[in-house]
2 protein chains.
Amino acid sequence: MTRAAAPPLDPRAFLDRLFRAAVGAADPARTLARHLPSPPTGRTVVVGAGKAAASMARALEAAWPGPLSGLVVTAYGHALPCRGIEVIEAGHPVPDAAGEAAARRILGLVGGLGPDDLVISLISGGGSALMALPAPGLSLAEKQAVGRALLRSGATIAEMNCVRKHLSAIKGGRLAAAAAPARLVTLAISDVPGDDPTVIASGPTVPDPSTFAEARAILARYGIDPPAPARAHLEAAAEETPKPGDPRLARAGFALIATPQAALEAAAGVAREAGVAPVILGDSIEGEAREVARVMAAIARQAARFGQPAAPPVVLLSGGETTVTVKGRGRGGRNGEFALALALALGGAPHTFALACDTDGIDGTEDNAGAFVGPDTLARAAAAGIDARARLAENDSHRLFAALGDLVVTGPTFTNVNDFRAILVVAPAGP
Amino acid sequence: MTRAAAPPLDPRAFLDRLFRAAVGAADPARTLARHLPSPPTGRTVVVGAGKAAASMARALEAAWPGPLSGLVVTAYGHALPCRGIEVIEAGHPVPDAAGEAAARRILGLVGGLGPDDLVISLISGGGSALMALPAPGLSLAEKQAVGRALLRSGATIAEMNCVRKHLSAIKGGRLAAAAAPARLVTLAISDVPGDDPTVIASGPTVPDPSTFAEARAILARYGIDPPAPARAHLEAAAEETPKPGDPRLARAGFALIATPQAALEAAAGVAREAGVAPVILGDSIEGEAREVARVMAAIARQAARFGQPAAPPVVLLSGGETTVTVKGRGRGGRNGEFALALALALGGAPHTFALACDTDGIDGTEDNAGAFVGPDTLARAAAAGIDARARLAENDSHRLFAALGDLVVTGPTFTNVNDFRAILVVAPAGP
């Protein structure tokens with residue numbers, strides 16, 4: 001039996017295609033319309049925050065059968081023109097006064113609505129910083145001081161969220177409580193492990209099981225001494241976040257319109273059609289970028305050498321968010337750092353290619369989404385007089401990949417399902 | 001259609017069984033006999049070094065049809081009584097005078113043999129430190145000073161090996177060269193990525209492609225200023241290591257009798273028989289233990305939530321050697337550290353269990369092989385007043401797992417195919 005030979009694969013074009021498929025699957029223009037709530041007899045007010053807020057607002061305007069008004073806030077550079085919904089840009093990841101003012105206006109917009117009205121809340125990653133509104137009596141600077149101390153403390157994400165929600169006027173379900181008695185529907189794009197609605201943008205429209213007492217205990221556990229107004233607010237415990245069963249949230253619905261897993265599945269589908277076996281390792285891989293790269297390199301070696309977890313041609317897909325402990329003074333985001341560490345860990349392994357990008361199109365604070373790695377990455381760097389190991393030590397991946405022409409540049413994608421990593425092994429390792 | 005329910009799985013017993021299967025597959029008593037060379041017309045002299053040296057010598061004595069004599073060196077506590085082969089214990093991982101003396105005697109034993117004689121060289125992990133013999137004119141302390149500087153420098157394993165071989169009187173093929181004109185057969189147990197014969201115990205019996213010039217360049221690259229005698233030796237470059245094609249090694253054969261992959265495959269077979277899908281992620285996973293644990297936890301979450309890379313019941317298997325950057329003052333080896341970090345990263349995830357052990361039976365310098373993790377590990381630690389996060393910060397996994405009764409204790413196994421990790425997910429995650 002003969003079999004038609006597959007057309008030769010251009011690894012870089014193929015990996016670019018997978019990335020575009022992943023981002024496309026998270027594009028509100030393609031996913032939002034099928035999650036629309038029924039229109040109300042009263043008004044429909046749109047609010048929201050996150051890196052995808054503007055594109056979600058546009059997609060909603062394109063699909064919604066009636067009039068819309070409202071306000072969403074997104075990161076600088078991520079705005080898109082809308083017809084009726086106002087789009088405001090604000091600071092991310094460090095909150096600023098623009099975001100604080102937008103959050104205050106959002107609370108104002110949803111207050112005073114009646115039971116016949118509908119609030120559509122458009123939530124995506126980054127929304128927590130973009131819609132930062134300190135509890136009454138607290139300044140943004142005081143709230144941020146606690147946040148910074150928590151980041152340094154080793155507290156878990158869940159612990160940080162608990163404290164943040166109890167220093168906020170809008171997080172932890174407070175936005176939904178403010179919208180009652182109107183009906184509220186949240187359409188969300190997840191960028192968090194487990195797609196937990198209480199974690200995405202710190203859950204402004206979902207019940208918060210955590211308490212003031214827990215927030216105080218967490219600060220005590222990590223020896224954090226908050227500014228006096230923050231301490232006073234936590235001790236007064238004047239108004240708890242809405243808990244599960246809170247009647248104000250009885251008419252609040254929630255739908256995920258895009259997830260990291262759906263993006264990975266879309267890439268997997270493209271791979272499968274091209275005759276490449278996709279292996280999705282995880283939609284929420286976390287850890288120090290360079291260490292994650294070493295593990296992924298080992299799994300790629302296993303595929304090349306033993307055909308496990310699948311035989312070449314195979315592509316290892318993963319999502320989630322790595323971290324970079326910055327020790328050097330170079331340029332580059334976590335995906336560039338991952339890509340450079342991967343190139344070093346692979347050590348020029350033949351037949352092995354990779355792409356690592358942020359699905360929002362911006363890797364850290366750079367102009368690129370991520371970077372591409374091939375078997376000759378290290379050799380070409382060396383030929384260009386670049387010491388790859390030294391660049392990694394300096395957290396300077398951007399310079400290396402820029403010199404090689406291996407940055408992946410897309411500009412803002414107006415969505416955000418976190419990182420996308422694909423490692424392609426096209427043929428078995430030699431003997 | 002009905003289907004007989006599988007008997008309920010006892011996760012701990014099951015994981016113990018997988019570990020025993022992995023270690024069993026690396027037991028020379030079961031694997032060595034099928035790799036025996038043909039007996040010589042002259043004498044058969046046995047030499048060797050490594051954590052498995054004594055059990056390899058015993059297995060050889062049990063299977064060999066003629067008389068044997070010789071000397072092998074193993075780590076303190078890893079000796080076993082042999083009939084004709086002398087077994088010496090020496091320092092590991094820090095070489096000592098006992099190992100140096102043994103190496104000198106081994107060179108003496110293989111010198112002066114004739115073309116009708118046979119040398120059987122029994123090589124396993126740890127052999128590099130156990131058979132450390134500085135080049136003429138160098139002291140052990142001077143050689144070790146260079147090794148320590150390399151370890152701190154960020155040099156790769158390949159770079160460190162190149163330098164070590166060029167400061168040694170026995171590594172990098174020199175033992176095989178000394179044995180010529182006798183026939184030589186190496187039986188080896190691999191504990192290194194790729195099972196590269198030039199890397200296992202620094203390749204005392206295989207050609208070394210690296211050169212004195214490269215060794216000098218590596219020291220220059222990392223700014224290492226070696227002790228004067230070491231510098232003088234590298235600059236004199238008096239006697240290069242045997243290169244591929246060296247006639248002295250023309251009669252040197254090499255066979256792997258056990259590998260990390262074969263051990264993982266044995267565990268996979270046991271899992272498959274029990275109705276649990278095995279996924280071998282890699283036989284040579286490297287990286288900081290706590291970061292590797294975070295990646296593995298994410299893959300386990302993926303299996304529980306999305307049935308990828310395989311649906312529960314599934315066991316994720318991996319080998320290789322993690323590292324621990326010691327910052328605390330606690331007790332415990334890299335497998336205990338991995339297990340504790342995994343428990344924290346899993347955060348009490350239901351249906352998920354794990355075992356991480358060193359296949360040599362000794363995790364670091366402790367009395368245990370590794371540790372067991374279950375969904376209730378953190379809760380039981382908290383109930384016992386143990387702060388798991390603080391114990392990890394102190395590199396103090398041994399204390400925690402000892403208090404919980406979750407150390408895995410086997411004693412020395414007399415073999416070494418590096419680490420063994422198994423993460424079992426018995427059921428899908430709940431909604």
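Here the structure is a predicted model, which means the values were calculated and not measured.
- Highest contact tally toward chain B, considering only Arg294(A), Arg301(A), Glu288(A), is held by Arg294(A) [criterion: heavy-atom pairs under 4.5 Å].
- Contact annotation for Val279(B): only side-chain heavy atoms (C-beta onward) come within less than 4.5 Å of a heavy atom of chain A.
- No donor-acceptor pair under 3.5 Å is formed between the side chain of Gln302(B) and the backbone N or O of Leu281(A).
- For a heavy-atom cut-off of 4.5 Å, chain A lies close to Arg305(B), Phe306(B), Gln308(B), Pro309(B) in residues 305-317 of chain B.
- Atom-to-atom distance recorded for Thr322(B):OG1 and Glu291(A):CD is 10.0 Å, nearest 0.5 angstrom.
- Looking only at heavy-atom pairs under 4.5 Å with chain B, the residue among Ala298(A), Ala300(A), Ala297(A), Gly347(A) that has the most is Ala298(A).
- Among Pro278(A), Ala158(A), Gly194(A), Gly320(A), the residue making the largest number of heavy-atom pairs under 4.5 Å with chain B is Gly194(A).
- In this structure, the side chains of Ile285(A) and Ile299(B) come closer than 4.5 Å at one or more pairs of heavy atoms.
- By number of non-hydrogen pairs under 4.5 angstrom with chain A, the leading residue of Glu265(B), Glu286(B), Met296(B) is Glu286(B).
- For chain B, the nearby part of Arg389(A) is the side chain; its heavy atoms alone come within less than 4.5 Å.
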